[in-house]
Each structure stands twice: as structure tokens, then as C-alpha cells.
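Structure first, commentary second.
We count ligands from 1, going down the list as the structure has it; atoms in each ligand are counted the same way.
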Amino acid sequence: MKPVRAIAHSNIALSKYWGKADVENNLPAVPSLSLTLDGLSTTTDVCFDPALADDVVELDGGSSTGKPRERIVELLDRVRARAKLETRARVESRNDFPTAAGLASSASGFAALALAATRAAGLELDAAEVSSIARRSSASAARSLFGGFVSLGASAERAERVAPAEHFPVVMLVAITASGPKSIGSTEAMNHTKKTSPYYPSWVEHSPTLYEEVKASVLARDIERLGAAMEQSALMMHASMMASGPAVLYWTATSVAVIHRVRELRASGPPAFFTMDGGPHVKVLTEPAHAEQIARALEEVAGVQRVLRCAPGPDARLISEVS
Ligand code: DP6
């Protein structure tokens, strides 16, 4: 069968997903809305090959083992079941961003894998169907099938586009504040939060209101209103995990220093708003006209290693069907 190559871009949630309504089927407990980024992409080749006795998985040039490999093989198994196929596959995946820095790669990774694997298995599915397959492996990956501004409802199987990339020209600056893998993965951390945090029910109750506020301000192209709701969503999510026993704490001194710098910068004029995910890096939303000034200011914060500049990005897509 023919090898297929797909590319998908990472996304940053403006309104966060944290916690599952259904762990077995990986359905989110709360609605989320993200921005797909033009930088930070994953390119994945998949080929189902009758000569293979087992699936072969290579990530960034190295052979994948353990849990990361298991999650990839599970996706391949679901695609095989759907395509009524027994054949094993060769998967080669590369990120164009520093994975060593601990930036999340599961969103772009599972989106690219779902797209390449379904097509390589001979399935002709629309983006919504591929989004559902990606979501089963990682809920944030469901959103990376679409470019621009994308939502995934509570208990929703598939993501949908809220607005295309060109609707609202914003810039997301990614301040890298540490190297090395993160302390605890998102899946484990959110399940732990649900089990042990007294603030989790409050997070689930209040996040739909913030989601609606984020969605309305994206549609209205109102960065001040968006920024306020985006920060509250991130802080409420982190508050719920900090109240777990034991606490999940992704923040470092540098993360906090960047947050304070962002607050100072916007007090002096330009719009700048922060968000954080399952790691110590801080992402800062601003307007194109102010992006360079803000990026330089963030580069000067002690402990910041580099600042990536990202614009709204495109849909996941097939690059080629090489023979
Ligand atoms: C903090 O999508 O990685 O980035 O569904 O268990 O794979 P799984 O979780 P994952 O969680 C992402 C959490 C987040 C917020 C977000 O992207 O909405």
C-alpha cells in the first residue's frame, strides 16, 4: 500500500480543556476553544506494509518505545478495525519545534497521525471524522485538524471550526522557560485533579461560561475581552490542579516572572495576555503591531531561553501520496 504524508499544526487553548467526562472514550468534561499555530508542526509518514511483522514507530529519528509507542499503536489499531485491515504499519514522525523543550507535541502529533493513517489505510474521511479519531488518542489533537479558531464541545466527539485563521490576526508568543520533559503528562494530571481536587467540580461548573466569553470575543475580534477570559480560564484550570493532593504544579519562578512582566507591559499600553498549559512555558497573546516589542521584552526576563513567534495557522493536510 502507498505511503502517505500528513502535516498538522499545534494549537494553544484560549479556553482550556482539563478533565474527562468519559475516560474510556476520552470525551472532555468541558468545552474548549483553541488557536492553531502556523509554527510548531508535525509531519508524519504512514505506510501499511504486508512485509512487517509488527508496527514500526520512529519519532524524531529515534525508535519509539513504552507508553508513547502504545498510544500510537492504539490509534493504528482503531484505523485497522475501521478499514478491516490486519497489515502492520511503519510510522515516521518529525516535529519542527524543539520537543526537548517540553512543548506539547501530542496535539499536532495525533492529528497528523490520524490523517496520514486513515488515508494510508484507504479510508476517505472528512476532517470532522478524522478529528474524532485523533480525539480518541488526545482530545486537544481533535482541534488540530482545523486551522484558525477551533472548538471542541463538552462530551463532543469531533472539533469544529469557529473562525478561519484570517478572521482575527493575532500573534501567540511562546516563551520557553525550561528544557527537559515535563514533570507529569496532561492525561495523568487531569485524571488526578478530577479524583483529588475539591476545586475540580467548580472548574467544570464555571468553564462553560468562560468558553462562551472566549468564543464571543473571538467572533467580535475583541482582544481585550478575549485576553481577560483567556487568562481566567488558564488560572482557574491551574488553581484546580494546584488544589489536588498531592498538588500538580507546572509553574516555575520563571513562569511567574513572565506573567508579571506581561501584566506590566499591558499596564503601559499594548495588549498582552498570558496562558499556560501542562508545562512551565508561558504563551502570550498580542496584536501583530506590538508582537516584536513584547517578544523582545519577554526575551529579557531572566530564565527565558527563547521566544517563538506564531501566527494563526492552517488546516492539517495531506502533503503527498508517494509511490
Ligand atoms: C492543558 O489533550 O494532552 O493543554 O486528551 O488526555 O491526551 P488527553 O489530554 P491533552 O490535554 C491538553 C490539556 C491542555 C489544555 C488544552 O489544550 O485545552
Side-chain angles (χ1 to χ4, degrees), residues 8-37 40 42 67-68 70-72 74-75 78 99 102-114 131-146 149-159 162 172 174 181-195 197 200 203-204 207-208 210-211 214-215 229-242 244 248-251 255 274-283 285:
H9 295 254
S10 192
N11 71 75
I12 301 294
L14 309 175
S15 169
K16 302 296 185 191
Y17 145 59
W18 193 255
K20 299 167 198 292
D22 176 344
V23 173
E24 178 57 28
N25 294 303
N26 206 34
L27 295 169
V30 299
S32 57
L33 194 153
S34 58
L35 172 64
T36 298
L37 305 180
L40 313 190
T42 303
K67 189 72 193 156
E70 221 174 278
R71 286 177 81 180
I72 289 166
E74 277 167 14
L75 188 149
R78 282 191 286 272
T99 32
L103 273 177
S105 57
S106 73
S108 53
F110 283 111
L113 178 66
S131 165
S132 173
I133 290 171
R135 191 261 318 141
R136 190 65 187 68
S137 294
S138 186
S140 56
R143 301 184 308 236
S144 274
L145 265 303
F146 301 95
F149 300 83
V150 186
S151 73
L152 178 67
S155 289
E157 298 208 345
R158 27 183 90 71
V162 168
M172 190 66 90
V174 181
K182 47 188 180 179
S183 46
I184 172 172
S186 303
T187 310
E188 199 188 328
M190 67 176 74
N191 291 339
H192 174 69
T193 305
K194 181 177 178 175
K195 275 196 210 113
S197 174
Y200 180 76
W203 156 250
V204 173
S207 58
L210 288 173
Y211 164 82
V214 162
K215 186 173 175 180
M230 179 185 89
E231 287 192 354
Q232 200 181 356
S233 174
L235 291 171
M236 215 185 267
M237 175 185 79
H238 282 276
S240 78
M241 57 180 110
M242 285 178 197
S244 304
V248 176
L249 182 62
Y250 287 115
W251 300 31
S255 320
F274 64 85
T275 186
M276 281 180 68
D277 296 289
H281 313 300
V282 184
K283 291 92 180 196
L285 185 77

Considering both backbone and side-chain atoms of Tyr17, is one of its nitrogen or oxygen atoms within less than 3.5 Å of a nitrogen or oxygen in ligand 1? yes
Just to verify, which of Lys16, His238, Glu231 counts as forming a side-chain hydrogen bond (donor to acceptor under 3.5 Å, both in side chains) with Thr275? Lys16
Mark up the atoms of ligand 1 that fall under 4.0 Å of a heavy atom belonging to [X], in ascending order.
X	result
Ser186	3 (O), 11 (O)
Arg143	16 (C), 17 (O), 18 (O)
Ser106	3 (O)

Compute whether any side-chain donor of one residue and acceptor of the other, for Asn26 and Lys20, lie under 3.5 angstrom apart. yes
Just by distance, no angles: are the side chains of Ser137 and Arg78 close enough, under 3.5 Å, to form a donor-acceptor pair? yes
Spell out, as yes or no, whether a donor-acceptor pair under 3.5 Å connects the side chain of Thr36 to the backbone of His9. no
Would you find a donor on one side and an acceptor on the other, under 3.5 Å apart, between the side chain of Ser34 and the backbone of Ala13? no
Please verify whether a non-hydrogen atom of Met190 lies at under 4.0 Å from ligand 1. yes
Which one of Gly278, Ser140, Ala142 has a non-hydrogen atom at the shortest distance from atom 2 (O) of ligand 1? Ser140
Regarding atom 6 (O) of ligand 1: of the candidates Lys20, Glu188, Arg71, which has the closest heavy atom? Lys20
Side chain to side chain contact (heavy atoms under 4.5 Å, CB included), paired with Arg143, selected from Ser138, Ser131, Ser32: Ser32
